[in-house]
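In what follows, a single structure is set out as structure tokens and then discussed.
Note that this is a predicted model, so its numbers are computed, not measured. Just follow the structure's listing: the first ligand is 1, and inside any ligand the first atom is 1. All values below come from the heavy atoms of this structure, side chains included, with hydrogens, waters and symmetry mates left out.
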Amino acid sequence: MQKLEKSPLIVDFVGGAVGHRFRSGEGRGQGLAKAAGFSAGVTPDIVDATAGLGRDAFLLASLGARVTLIERSEQMHALLAEGIERAKAEGGRYAETVARMTLIHGDSRELLAGLAPQVVLIDPMHPPRDKTALVKKEMRLIRDIVGADPDAVELMQAALDAAQNRVVLKWPLRAQPMAGIRKPSHQIIGKSTRYDVFVKAKIAAPAG
Ligand SMILES: C[S@@+](CC[C@H](N)C(=O)[O-])C[C@H]1O[C@@H](n2cnc3c(N)ncnc32)[C@H](O)[C@@H]1O
């Protein structure tokens, strides 16, 4: 088995930026939630196929979605598992939120077809873009562990095949659309990021 090296990276859903965003109660109107298909009466089931530090997954779960997180790096997966345990131990809304999250270790290109997800979120490693020193340092630390994601096109293709309703690609604001895949149905533009949304079918509201 590969030896896990100690990393200064930590998955922290309770303190720091994620906890702050959580407590501030930003709701379903934010870009990621809209891109993932949340709307009045609709809370999608989501597979986050590039879990990373689990920030996007935690945010989506905090809005009520069931989220399956897939991470292929053994080290990142271990950090995520620790972060989830800490949030569980914190109790209250933190524990409630991570109770909606299921973490899987593996390669999404192989696992997605078997999960038949409503919505797939893809956020591959891309060139550094954010100016804040913290994000830069954090991205560098992640990059040290996982490298680049040269197979992101293959992953997108697997997601487009497997998703029942939609695929969301988180992508740098000014980057060209990902080459080699179909055009997005629409885009949601954020401050430094945009979401390219590939709609396959409307997400039905639950009956009753
Ligand atoms: C930019 S990070 C994602 C950050 C994440 N959205 C967050 O909110 O913290 C990309 C992550 O996706 C993982 N990844 C890339 N391709 C993958 C694949 N095919 N299967 C599983 N994980 C993958 C990488 O190991 C890396 O940890």
Side-chain angles (χ1 to χ4, degrees), residues 2 4-5 7 9-14 16-22 26 30-33 35-36 46-63 65 67-84 87 97-98 101-115 117 119-130 132 134-163 167-173 175 178 181 188 190 192-196:
Q2 180 197 341
L4 297 186
E5 281 171 33
S7 165
L9 261 186
I10 180 165
V11 170
D12 183 11
F13 298 130
V14 178
V18 186
H20 176 74
R21 213 165 153 198
F22 182 59
E26 282 182 69
Q30 55 192 296
L32 175 59
I46 301 167
V47 172
D48 182 344
T50 51
L53 292 179
R55 294 178 162 185
D56 292 327
F58 184 80
L59 182 91
L60 294 164
S62 78
L63 299 174
V67 185
T68 301
L69 297 82
I70 309 177
E71 175 52 56
R72 67 178 165 187
S73 150
E74 190 178 358
Q75 209 168 334
M76 294 298 289
H77 175 268
L79 292 172
L80 276 167
E82 285 167 20
I84 290 172
T97 296
V98 294
M101 292 164 55
T102 306
L103 175 62
I104 302 179
H105 181 217
D107 194 314
S108 299
R109 289 171 301 165
E110 286 148 26
L111 297 175
L112 279 172
L115 294 171
V119 177
V120 181
L121 170 64
I122 308 275
D123 176 20
M125 299 296 294
H126 12 70
R129 61 185 190 274
D130 202 306
T132 73
L134 178 68
V135 172
K136 262 192 184 165
K137 183 173 173 222
E138 205 168 64
M139 282 314 291
R140 188 168 47 72
L141 290 170
I142 298 176
R143 204 172 294 275
D144 287 349
I145 296 176
V146 306
D149 287 330
D151 45 15
V153 175
E154 226 180 280
L155 175 58
M156 265 306 285
Q157 271 153 354
L160 287 166
D161 287 344
V167 177
V168 177
L169 172 65
K170 190 172 172 181
W171 205 232
L173 184 57
M178 188 184 270
I181 51 162
I188 293 180
S192 60
T193 301
R194 70 169 201 258
Y195 300 100
D196 286 0

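When the side-chain contact (heavy atoms from CB on, under 4.5 Å) test is applied to Glu110, the partners found at least two apart in sequence or on another chain are Asp107. Looking at residues two or more places apart in sequence or on another chain, you find a salt bridge (Lys or Arg N to Asp or Glu O under 4.0 Å) between Asp56 and Lys170.
In this structure, the side chain of Arg194 engages the main chain of Ala175 through a donor-acceptor pair within 3.5 Å. A donor-acceptor pair under 3.5 Å is absent between the side-chain atoms of His105 and the main chain of Ile70, judged by distance alone.
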Give one line per pair: atom of ligand 1, protein atom, distance. Only N/O to N/O under 3.5 Å.
| residue | atom | partner | partner atom | Å |
| --- | --- | --- | --- | --- |
| ligand 1 | 6 (N) | Asp56 | OD2 | 2.8 |
| ligand 1 | 6 (N) | Asp123 | OD2 | 2.7 |
| ligand 1 | 8 (O) | Arg55 | N | 3.3 |
| ligand 1 | 8 (O) | Asp56 | N | 2.9 |
| ligand 1 | 8 (O) | Asp56 | OD2 | 3.2 |
| ligand 1 | 9 (O) | Leu53 | N | 3.0 |
| ligand 1 | 9 (O) | Gly54 | N | 3.2 |
| ligand 1 | 9 (O) | Arg55 | N | 3.4 |
| ligand 1 | 16 (N) | Arg72 | NE | 3.4 |
| ligand 1 | 16 (N) | Arg72 | NH2 | 3.3 |
| ligand 1 | 19 (N) | Asp107 | OD1 | 2.9 |
| ligand 1 | 20 (N) | Ser108 | N | 2.9 |
| ligand 1 | 20 (N) | Ser108 | OG | 3.4 |
| ligand 1 | 22 (N) | Arg72 | N | 3.2 |
| ligand 1 | 25 (O) | Glu71 | OE2 | 2.6 |
| ligand 1 | 27 (O) | Glu71 | OE1 | 2.7 |
| ligand 1 | 27 (O) | Glu71 | OE2 | 3.2 |

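Separation of atoms CG (Asp144) and CG (Leu9) is listed at 8.5 Å; rounding is to 0.5 Å.
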Name each donor-acceptor pair under 3.5 Å that joins a side chain in residues 153-163 to protein atoms two or more places apart or in another chain, with its distance.
| residue | atom | partner | partner atom | Å |
| --- | --- | --- | --- | --- |
| Glu154 | OE2 | Arg109 | NH1 | 2.9 |
| Gln157 | NE2 | Gly180 | O | 3.2 |

